[in-house]
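Heads up, the thing below is written out as structure tokens.
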Amino acid sequence: MIVELGHFALVVALGLAIVQSTLPMLGAQRHDLTLMRLANTTALAQFGCVTIAFAALTWAYVSSDFSVVNVYQNSHDAKPLIYKISGVWGNHEGSLVLWVWILALCGAAVAWWGRNLPLPFKARSLAVQGLIGVAFLLFLLLTSNPFERLDPAPLEGQGLNPILQDPGLAFHPPMLYLGYVGLSVTFAFAMAALIEGRVDASWARWVRPWTLAAWVALTAGIALGSWWAYYTLGWGGWWFWDPVENASFMPWLAATALLHSAIVVEKRDTLKAWTILLAIVAFSLSLLGTFLVRSGVLTSVHAFAVDPDRGSFILYMLILAIGGALALFAWRAPLMQPGGAFAPVSREGGLLLNNLLLATATATVLLGTLYPLALEVVGGGKISVGPPFYNATFVPLMLPLLIAVPIGAMLAWKRGSVVAALGRLKVAMAATLITAILTFTLLDAASLGAAFGFALAAWLVFGALDDLRAKIGLFQLPLPRAWQRLKGLPASAFAVSIAHAGLGVMITGMIATSVLQSERILAMQPGDTTTIGSYDVRLASVGEVEGPNWIAVRAVFETTRNGSPVADIVSEKRFYPVEGQSTTQVGLDTSFWRDLYFVLGDQTPEGAWAVRLYVNPLAAWLWWGVGIMSFGGLVSLFDRRLRVGAPTTATAHRGGSAEPEPDGPGARASA
Amino acid sequence: MRRLLFIVPAVVFLVIATFLAIGLTRDPSELPSALLDRPAPDFDLPPLPGRDEHGFSRDDLGGEPVLVNVFASWCVPCRVEHPLINRLAETGIVVHGLNHKDQAANAQAWLDELGDNFTRVGHDLDGRAGIEWGVYGVPETYIVDADGTIVHRHVGPLRPEDVEREIRPILESLKR
């Protein structure tokens, strides 16, 4: 009964979405207040309905109702409760329900908090959101019904893929989807702006909090996925340039570019068409990601079951949504008048450089992801594009971008000077130089590249701090005045420094783990000892253990350093009898300076165990760095001028920064 | 001219969409084998001690269509597909076993437990013959025709539907 209620709620949600996508749009054309206000009601009601459907499916999982095909195929009574709940979205149909639920959540959020939006604009945006809802609800109901019944009901389910039986499944997909789908709001705002033919500073201010929220969620979602892969797959790495990883990375790159270009629209009323295009592209890449995962055109560890019907449905959806949006862009965007002019060397110029490099990087990743497919289509055979391609293309694009970050943030609006910016970055430059010399001497001379990388990371961190220092006039003004300025600084000023410093911390971790990783692969008998780096490792025992729904071989590695114990690291090979599959549990010991990462492999014919031992220096910095970046995004979200629902001051900021930046570029520009 | 620039994104997307549409008609999980439609490679494997004295070599191929099943006792999917392999052999199809990177005693115990309907079994301890065949991972199953040519390759465990849709039709066509 509850299951049928869930199915029915989805049908009602579809009806509401159809109303939401048509009548408010009509109302906005005819200036009909009643029709426009209908957008709010339908968006909220649609959210309620999808919530009921989501809850019904969750209930079917928790109560192990195997008369539902989806539950039967993906669950099992002996599974721990947390995996019964997170298992709801561990499959195609269920994850699509989660997707639709988050879409409805975003629509409801715009309806609820978007009180500062002009009614016609809000009605049009919500109508576009409704249209996306119609497409996905149709897809769900027509090709991927999660509530389909099975008669007679089997006594037991087939279980969940053991790799997914991990806390990672509880957090990674919801966070990632929040990012993907959050970009639909940005997309809807861009569509509404194109229809109205108006993009200005207030549009940029409306769109910013939604982009920021989506960006924060996407950043955290990608990082969670990467961390999950790091500790469950046991390959010792954290990023594999897998097509589906790329599918989440491309919207992130585009959204990052969008965050930066929207600042230019807000402050200087220019780069408007470009910003709109980025908003379209960011969500289009999210949709493309959905297509790649669910249609089966590419092979990947993430891909869901292949079903050509679903593939063609999403492709039609893609063509209508992206093609339609880009056609609207081609028609309406040329009408937008370019705003304030600026010199190549200026804050705008810096942000434009950021955008060009990020856009090129996005295109590069897109090319690498689709190239194998394109080559196969033209009959060129099967290939896969891996890290060598990205190392040769993506990395060189990132270098100038990262070097430019602290300088760009220091440039004045309209017309700036690199020399002046560098002059204000003296402290950061000195700190960077010291880091370079230190790392170069501490590491051996062979790792020139690593020393350069660490210097680059230091440049980002110290540059970000120096930016903040310059803004409050620390060491230039008396301390009490600097303190006053610090207190008066808007949240967004802190946010920039936090996010850019986080980027530096993340890059430190990336470079350390890729360049300075030590690896040993060997066969060990219980009782054998070996060394890796400065650690002595003894394989203390290998024995069998039993879990709730698995049996495992468990190895315990006693690790010591200079004779004093460090940790007993446990690695397991688990076998799940229900699913007939095995997983690896990486033995991980994390500290500030390094991760010890031990993996138990297969037994060799001689009875020894193949083990892989890694020391990953500064690995934790990577995740902390991403965390700091996301936190920076959150801080920016709480900036006064962006607070959702705050009264609008459409023109107050135009033509320059009204923020108190006495020593910063804003003041200099207007001086 | 300026207007033209704004059409570029839509055109780029159309090209991508076309590729996606064509890509949709293909099955990405199909792995090509370098040896497909070529004569099976040369190899000469010793027997599992205690099973028989023959082993399994290139000379055992040819004369009639056969299946070559790559298996190992440490491979869980092999355990899943093995009953099906046994049933296939019971219906009169000749199935040879290529025991991949396995300890002889383990492999023999595994066959004793699950049943052994293989005609020949070769013990490929170091996996060298596997490399010659282009084995990606275990299990894999090859169809070799009466001339000793590899005509089909199945990656991963055989399921009943694979046997009905792939293996039997191909074997039927080879017999004709």
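Chain naming here is simple, since letters A, B, ... match the order of the sequence lines and numbering starts at 1 in each.
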Among residues at least two apart in sequence or on other chains, which ones pass side-chain hydrogen bond (donor to acceptor under 3.5 Å, both in side chains) with B/Asp112?
B/Gln108
Can you tell me which portion of A/Leu315 sits under 4.5 Å from chain B's heavy atoms? Options are side chain, backbone, both or neither.
side chain
So that I can tick it off, tell me whether B/Arg159 and B/Glu166 are bridged by a salt bridge, with the cut-off set at under 4.0 angstrom between side-chain N and carboxylate O.
no
Under 4.0 Å between a side-chain nitrogen and a carboxylate oxygen: does that hold for B/Glu140 and B/Arg153?
yes
For the residue pair B/Phe56 and B/His96, categorise the inter-ring angle as parallel (less than 30°), tilted (30 to 60°) or perpendicular (more than 60°).
tilted
Report which part of B/Ile16 has an atom under 4.5 Å of a heavy atom belonging to chain A: side chain, backbone, both, or neither.
side chain
Given a strict heavy-atom distance threshold of 4.5 Å, which part of A/Leu288 is in contact with chain B: side chain, backbone, both, or neither?
side chain
